[in-house]
Protein chains: 2
Amino acid sequence: MTPQRQLVLDALLELEHATPEQVCHHVQRTTPTVNITTVYRTLELLEELSVIRHTHLGHGAPTYSVDGHEHVHLVCHRCGRVDETDIEVMSELCGTLRAAHGFALDATHLALSGTCEPCTRAKAAENTQRAQEGQA
Amino acid sequence: MTPQRQLVLDALLELEHATPEQVCHHVQRTTPTVNITTVYRTLELLEELSVIRHTHLGHGAPTYSVDGHEHVHLVCHRCGRVDETDIEVMSELCGTLRAAHGFALDATHLALSGTCEPCTRAKAAENTQRAQEGQA
DNA sequence: TTATTTGCAAACCTTTTGCCAGCAG
DNA sequence: CTGCTGGCAAAAGGTTTGCAAATAA
């Protein structure tokens, strides 16, 4: 465990989840000489060792987090907001998929996509407005 | 609807889902002059018109499919295999998330990640082997 | 003619690779 | 010494943009 690797891991512990770029910035705040290449290589290494894992939030870069940070990500594909919810909500689905497909679901690795509450309301408001315009 | 746009849409109808690159290759089999730029622009346009949609399968490029091709993708993060299952399996989860977070789940937009059956068996076999080696 | 669409080339961003130097065993 | 590690620069992959020619209204 070299100083650079410790820095990357510390950054992840502090940020909870972050893209490689974000980790790099965070590390460079204290140690500006650390290269983005090193961050990528360290993340890869730590992942092989099962110390960290990565999650695809759908659009763009994957985010890394320390193992044990286990929850489901809810990504709004309208505003980009990322919520989290307990992994518990997936337990039934997990059983269903295992039974039907032999598929062992890893609920933390991929995010769920949809529309968050504020955006749902915003959309409803738009539709109401459009309907009224149509009537007028 | 220009010829190029029709070609892109036809390619998607035939391929069911495909990355922009795959669409481009498919289109170029019949019309080699079509540019990848046009494919991207057409996909973007068709998506705005809600004719097609895209799904992030986790690693790498997004895949596009025609609207109505509604099922859930199960991606194995060990072998990369992509299975599909009925959207029905998500209905309970969908209700739970709506009630708890006001989150309107779009089950088709993001894939679910896990380990497929063959890979689960392969892993189990590896573990058995390792255990036997340890005993010997 | 005016607006839209296309093709090409180049830019862009994120991630990966090759190579050399530095450090540790 | 030998091998792993880190930094730099360059390459690679996927996507976007600027511009001018072609096309359509």
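Below, read A as the first sequence line, B as the second, and so on, with proteins coming before strands; counting in each chain starts at 1. Heavy atoms only: backbone and side chains are in, while hydrogens, waters and symmetry mates are out.
Dashed line: the shortest gap from a side-chain N or O of B/Asn35 to OP1 or OP2 of C/dC8 is under 4.0 Å. Proximity of A/Thr38 to the phosphate of D/dG7: a side-chain N or O atom is located under 4.0 Å from OP1 or OP2.
The base of C/dG7 is paired with the side chain of B/Arg41 by a donor and an acceptor separated by under 3.5 Å.
Rounding to whole angstrom units, CD of residue A/Gln22 and P of C/dT14 are separated by 11 Å. Rounded to whole Å, atom C1' of D/dT15 lies 10 Å from atom OH of B/Tyr64. In this structure, CD of A/Glu44 is placed 13 Å from P of D/dG6, rounded to the nearest angstrom. A/Leu7 places its CG atom 15 Å from the C1' atom of D/dG7, with the value rounded to the nearest Å. Summarising the geometry, the separation between CD on A/Gln28 and C1' on D/dG7 is reported as 12 Å, rounded to the nearest angstrom. When the C1' atom of D/dT16 is taken as reference, atom CG of B/Leu45 falls 16 Å away, rounded to whole Å. Following rounding to the nearest Å, B/Ile36 (CD1) and C/dG7 (P) show an atom-to-atom distance of 12 Å. At whole-Å resolution of the value, OH in B/Tyr40 and C1' in C/dT6 are 17 Å apart.
Side chains of A/Ser65 and A/Arg53: no donor on one and acceptor on the other come within 3.5 Å. Of the N and O atoms on the side chains of B/His101 and A/Thr85, at least one donor lies less than 3.5 Å from an acceptor on the other residue. Side-chain contact, B/Glu84 with B/His17: a donor N or O sits under 3.5 Å from an acceptor N or O.
Nearest heavy atom pair, residue A/Gly102 against residue B/Thr120, reads O-OG1, 4.2 Å.
For A/Ala61, whose side chain is taken as the heavy atoms from C-beta onward, the closest listed nucleotide among C/dT14, D/dG6, D/dT15 is C/dT14. Of the candidates C/dT6, C/dC8, D/dG14, the closest approach to any side-chain atom of B/Thr37 belongs to C/dC8. For B/Thr2, the side-chain atoms get nearest to C/dT5 when compared with the rest of D/dG7, C/dT5, C/dG7.
Within 4.0 Å of B/Pro62, counting heavy atoms only, lie sugar-phosphate atoms of the nucleic acid but no base atom. Contacts of A/Thr19 with the nucleic acid, taken as non-hydrogen atoms under 4.0 Å apart, are absent.
Checked by atom type and distance alone, the side chain of A/Glu47 pairs as donor or acceptor with a backbone atom of A/His54 at under 3.5 Å.
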